[in-house]
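Report on one structure; see the data block that follows.
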2 protein chains.
Amino acid sequence: MSAASFYAKVPKHLVAVDCIIFGFDEGRLKLLLIQRKVAPMAGEWSLVGGFVQEAESTDEAAARVLEHTTGLNNIYMDQLRCYGDVARDAGARVISMAYYALIRINEHDRPLAQEHGAHWLELHEIPTLIFDHNRMIADALKQLRNNAQFHPIGFELLPEKFTLSQLRSLYEEIYQKTLDKRNFRKKILALDVMEKLEEKDKTSSKKGAHLYRFDAQKYEALQRKGLVFEI
Amino acid sequence: MSAASFYAKVPKHLVAVDCIIFGFDEGRLKLLLIQRKVAPMAGEWSLVGGFVQEAESTDEAAARVLEHTTGLNNIYMDQLRCYGDVARDAGARVISMAYYALIRINEHDRPLAQEHGAHWLELHEIPTLIFDHNRMIADALKQLRNNAQFHPIGFELLPEKFTLSQLRSLYEEIYQKTLDKRNFRKKILALDVMEKLEEKDKTSSKKGAHLYRFDAQKYEALQRKGLVFEI
DNA sequence: ACAAAAGTGTTTTCGGTACACCCATGT
DNA sequence: ACATGGGTGTACCGAAAACACTTTTGT
């Protein structure tokens with residue numbers, strides 16, 4: 001059998017990407033969801049998604065879809081998992097790869113997002129979404145919690161410069177529990193993966209809090225020592 | 001735009017599943033690999049794989065492919081990730097979902113596997129495989145190590161009844177480091193997820209070692225208590 | 001009797017957790 | 001002067017790690 005005929009008899013499928021886009025704002029984790037403006041399911045709430053084209057990888061498709069809605073590129077994205085049930089999409093048999101993205105909410109293009117019917121919703125505000133999108137979100141949250149514990153991905157959600165209080169409140173929001181201020185500072189500073197800046201942020205206190213910046217080089221040094229980032 | 005035309009202009013793709021099948025035998029982790037008997041790439045080493053059909057989910061496709069080669073069903077399988085680069089498959093644009101499976105090596109249908117050109121290879125014997133299959137294996141190993149630490153999946157690789165020495169040697173093989181005998185016994189027995197049988201296994205010592213069996217109910221009880229399985 | 005693997009406790013060490021007060025500054 | 005969030009050190013506890021000898025039994 002030739003290679004051509006080997007592939008010729010095989011059925012082909014629509015392959016979608018759906019993006020669970022996390023942001024962190026006003027001390028709350030938020031998700032970017034859209035109210036669809038087009039059929040099918042116009043008016044329904046949904047994740048941001050699209051179809052994989054001929055000339056792009058699935059990862060590229062997810063990045064394209066994200067940029068299309070937020071104007072952002074070069075964003076932390078990771079595969080969540082494949083949703084491949086035959087009847088998961090009411091309109092056609094569509095195999096969907098879900099990706100989750102962590103963005104700095106203040107850096108995205110708000111007008112562009114609005115044009116696409118996108119809204120930032122807090123976790124407790126999430127409505128019923130089309131298809132299996134609620135399940136995708138639940139899986140993404142679990143994944144975010146698992147990954148944030150052992151990988152320095154929380155920084156992707158904060159502004160480039162941030163205070164330790166902001167960082168702590170982010171982890172408190174992710175884990176839904178309060179963290180001891182002194183223990184948190186001790187732990188994160190001991191990891192030595194951030195650069196302490198001279199600058200202070202005075203927006204939330206009179207005294208002002210030092211700003212820090214995640215330092216990828218320091219993180220690599222930590223890894224080379226065989227140590228594991230853990231919050 | 002109608003729903004039909006919405007889907008009609010979208011390109012479709014070949015979607016494959018590739019299975020990284022782990023077994024444990026003679027104290028060694030092994031992988032089931034095949035020497036392809038059909039074009040393209042006949043004679044080359046490869047993972048066990050196949051294409052997703054119209055009427056099956058991706059998970060079902062992976063289970064079908066596994067059963068086709070090993071005769072086993074109802075096996076622990078989990079999605080690894082999607083490999084979706086445009087040119088990853090030399091023959092055509094194929095998006096592949098990789099799954100990893102843990103099987104009891106002695107329960108599979110050896111003659112059937114041989115008919116398909118399948119061989120069990122130890123990790124250090126793995127040759128260069130087609131496409132990105134070596135990368136898939138590397139990713140699967142990482143995933144196996146991560147998951148085995150916090151989920152009771154090691155038992156999927158052992159016979160139903162096993163000794164504590166077998167269990168320990170499995171974890172030593174997975175983590176590639178020796179584990180203290182007393183500490184290991186203390187830890188695993190404290191979790192209370194196994195049933196101790198009266199029977200003894202005398203194949204590897206004169207004295208004989210007690211056999212144990214994983215008890216899913218006990219494991220659920222552990223989870224209900226909010227405790228985490230950890231080795 | 002001896003070889004070969006099974007089985008068993010205690011001590012030390014280290015990291016995690018709990019916890020309360022002073023500091024700097026804008027108003 | 002006081003209110004507000006920023007910043008700091010120590011004591012305790014429990015889990016993990018290190019460690020060596022006795023038991024059983026087939027040959």
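Computed over heavy atoms, backbone and side chain alike; hydrogens, waters and symmetry mates excluded. Just so it is clear, the structure is predicted and the values come from calculations on it, not from any experiment. Letters go in sequence order (proteins before strands), and every chain restarts at 1.
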Identify which one of B:Asp132, B:Asp85, B:Asp18 satisfies the side chain to side chain donor-acceptor pair (under 3.5 Å) criterion when paired with B:Ser96.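 One option only clears the test, and that one is B:Asp18.
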
Protein-nucleotide distance ([X], atom [atom1]; [N], atom [atom2]), rounded to Å:
{"X": "A:Ile188", "N": "D:dT8", "atom1": "CD1", "atom2": "C1'", "answer": "17 Å"}
{"X": "B:Phe184", "N": "C:dT8", "atom1": "CZ", "atom2": "P", "answer": "15 Å"}
{"X": "B:Leu164", "N": "C:dA5", "atom1": "CG", "atom2": "C1'", "answer": "13 Å"}
{"X": "B:Leu189", "N": "C:dG9", "atom1": "CG", "atom2": "C1'", "answer": "14 Å"}
{"X": "B:Leu227", "N": "D:dG14", "atom1": "CG", "atom2": "P", "answer": "15 Å"}
{"X": "B:Leu211", "N": "C:dA5", "atom1": "CG", "atom2": "C1'", "answer": "14 Å"}
{"X": "A:Tyr212", "N": "D:dG6", "atom1": "OH", "atom2": "C1'", "answer": "10 Å"}
{"X": "B:Arg185", "N": "C:dT10", "atom1": "CZ", "atom2": "C1'", "answer": "17 Å"}

When the ring centroid of A:Trp45 is compared with that of A:His133, is the distance short of 6.0 Å?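 No, they do not, as the ring centres are separated by 6.0 Å or more.
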
If the plane angle is over 60° it's perpendicular, under 30° parallel, otherwise tilted; pick one for A:Phe155 and A:Phe214.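 The arrangement is parallel - the two ring planes meet at less than 30°.
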
In terms of the angle between their ring planes, are A:His108 and A:Trp120 parallel, tilted or perpendicular, with boundaries placed at 30° and 60°?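 The rings of A:His108 and A:Trp120 stand perpendicular, inter-plane angle above 60°.
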
Would one find a side-chain N or O of B:His210 under 4.0 angstrom from OP1 or OP2 of C:dA6?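 No, because none of the side-chain N or O atoms of B:His210 sits under 4.0 Å from OP1 or OP2 of C:dA6.
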
Using a cut-off of less than 4.0 Å, is there contact between a side-chain N or O of A:Ser165 and OP1 or OP2 of D:dG6?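 Result: yes.
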
For nucleotides 17-27 of chain C, just jot down a letter per nucleotide in 5' to 3' order: B, S or -, based on protein non-hydrogen atoms under 4.0 Å. BBBB--BBBS-

If the threshold is 4.0 Å, N to carboxylate O, is there a salt bridge linking B:Arg28 and B:Glu122?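 Salt bridge between B:Arg28 and B:Glu122, a charged N being under 4.0 Å from a carboxylate O: yes.
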
Determine whether the side chains of A:Asn147 and A:Tyr100 contain a donor N or O and an acceptor N or O closer than 3.5 Å.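 Yes, A:Tyr100 and A:Asn147 have a side-chain donor paired with an acceptor closer than 3.5 Å.
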
